[in-house]
Amino acid sequence: QVQLVESGGGLVQAGGSLRLSCAASGRTFSSYAMGWFRQAPGKEREFVAAISRSGGLTSYADSVKGRFTISRDNAKNTVYLQMNSLKSEDTAVYYCNVASSIGALATGIAFASWGQGTQVTVSS
């Protein structure tokens, strides 16, 4: 079982940047594709970005393309989400999770239990 701990959220003005981190422990980190999801108040959790096991392939939701960048460091068992040009609509709790492939993550499939997430608040 993989345990996930998200960090790096905070309050930022529109147009600003944040870098989220997700530390994984348990099973072999590099065995999984990794992804970020978010849930805004009153809305369902949605896919944000995913990265393949090696880090060579990525996928993004249309709403964040060109603004967010996902990366991973398999030596540190950590996945990152660099968020630039933040908008008020990016306000949400951000979560990470794992799956067998980018495609699985993009359809909402996630293998691990959801962590507590990290709050991102963008003020306009």
Side-chain angles (χ1 to χ4, degrees):
Q1 183 71 9
V2 176
Q3 291 82 43
L4 303 162
V5 179
E6 303 93 346
S7 63
L11 174 64
V12 63
Q13 289 188 333
S17 299
L18 281 173
R19 189 193 194 202
L20 306 184
S21 299
C22 170
S25 61
R27 292 293 187 89
T28 304
F29 178 76
S30 60
S31 298
Y32 297 102
M34 298 292 297
W36 285 96
F37 299 79
R38 66 187 182 186
Q39 187 168 20
K43 295 187 178 181
E44 293 188 353
R45 185 178 286 135
E46 64 176 0
F47 168 77
V48 174
I51 188 166
S52 63
R53 300 173 189 180
S54 67
L57 295 174
T58 57
S59 178
Y60 296 92
D62 288 343
S63 59
V64 306
K65 279 181 182 176
R67 300 188 297 121
F68 290 11
T69 302
I70 188 171
S71 62
R72 66 189 295 164
D73 185 338
N74 287 344
K76 296 182 178 180
N77 284 6
T78 302
V79 63
Y80 305 97
L81 186 67
Q82 178 66 44
M83 305 187 296
N84 298 329
S85 302
L86 283 162
K87 305 175 181 180
S88 57
E89 51 262 46
D90 295 318
T91 295
V93 178
Y94 284 71
Y95 304 87
C96 63
N97 215 304
V98 305
S100 58
S101 68
I102 288 177
L105 289 162
T107 59
I109 296 172
F111 289 173
S113 298
W114 295 99
Q116 293 190 341
T118 186
Q119 175 72 49
V120 172
T121 303
V122 184
S123 62
S124 57

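Note that the structure is predicted; figures quoted are calculated from it, not measured.
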**Q.** Close side-chain approach of Met34 to Asn74, heavy-atom, < 4.5 Å
**A.** no
Q. Are the side chain of Gln119 and the backbone N or O of Gly9 linked by a donor-acceptor pair below 3.5 Å?
A. no
Q) What heavy-atom pair brings Ile102 and Ile51 nearest, and what distance separates the two atoms? A) CG1-C, 3.8 Å
Q: Decide yes or no for Arg38 and Ser63: does some side-chain heavy atom of the first lie under 4.5 Å from some side-chain heavy atom of the second?
A: yes
Q: Indicate if Val120 and Val64 have the same hydrophobic cluster label, given that clusters are the connected sets of ILVMFWY residues with side-chain heavy-atom separations under 4.5 angstrom.
A: yes
Q | Ser17 to Ser85 - nearest heavy-atom pair and separation | A | OG-N, 4.4 Å
Q) Taking Arg53 for the side chain and Ser100 for the main chain, is one N or O donor matched with an acceptor at less than 3.5 Å? A) yes
Q | Value rounded to 0.5 Å, distance of SG in Cys22 from CG in Asn77 | A | 10.0 Å
**Q.** Pair listing, ring-ring contact (aromatic ring centres under 6.0 Å, His included) test, anchored in residues 80-107, at least two apart
**A.** Tyr95-Trp114
Q.
Which heavy atom of Leu81 sits nearest to which heavy atom of Ala49, and what is that distance?
A. CD1-CB, 4.2 Å
(Q) Could you check whether any side-chain N or O of Asp90 sits under 3.5 Å from a backbone N or O of Asn84, counting only pairs where one atom can act as donor and the other as acceptor? (A) no
(Q) With a 3.5 Å distance limit and no angle check, can you tell me whether Arg72 reaches the backbone of Phe29 through a side-chain donor-acceptor pair? (A) yes
Q | Gap separating the CG atom of Leu86 from the OG1 atom of Thr121, nearest 0.5 angstrom | A | 10.5 Å
**Q.** Smallest separation among heavy atoms of Ser59 and Phe47, with atom names
**A.** O-CZ, 3.8 Å
**Q.** In one Ile/Leu/Val/Met/Phe/Trp/Tyr side-chain cluster, 4.5 Å: Trp36, Val98
**A.** yes
**Q.** Atom pair CE/CZ of Met83 and Arg19 - distance to nearest 0.5 Å
**A.** 11.5 Å
Q: Of all the heavy-atom pairs spanning Ala23 and Thr78, show the shortest one and how long it is.
A: CA-OG1, 4.2 Å
Q. Is there a chain of hydrophobic side chains (I, L, V, M, F, W, Y, each step under 4.5 Å between heavy atoms) that links Phe37 to Leu4?
A. no
Q) Would you say the side chain of Thr69 lies within less than 4.5 Å of the side chain of Tyr60, judging by non-hydrogen atoms? A) yes
Q.
Tell me the closest heavy-atom pair linking Glu6 and Cys96, and the distance in Å.
A. OE2-N, 3.0 Å
Q. Hey, quick one: are Phe111 and Ile70 part of the same hydrophobic cluster, counting side-chain heavy atoms closer than 4.5 Å, chains of contacts allowed?
A. yes
Q. Do Val2 and Leu20 belong to the same hydrophobic cluster, where Ile, Leu, Val, Met, Phe, Trp and Tyr are linked whenever their side-chain heavy atoms lie under 4.5 Å apart, directly or via other members?
A. yes
(Q) Taking Ala112's backbone N and O only, do any of them form a donor-acceptor pair with Asn97's side chain (distance below 3.5 Å, no angle check)? (A) yes
(Q) Looking at Gln116, I want to see if its CD is surrounded by more than 12 non-hydrogen atoms of other residues, nucleotides or ligands under 6.0 Å. (A) no
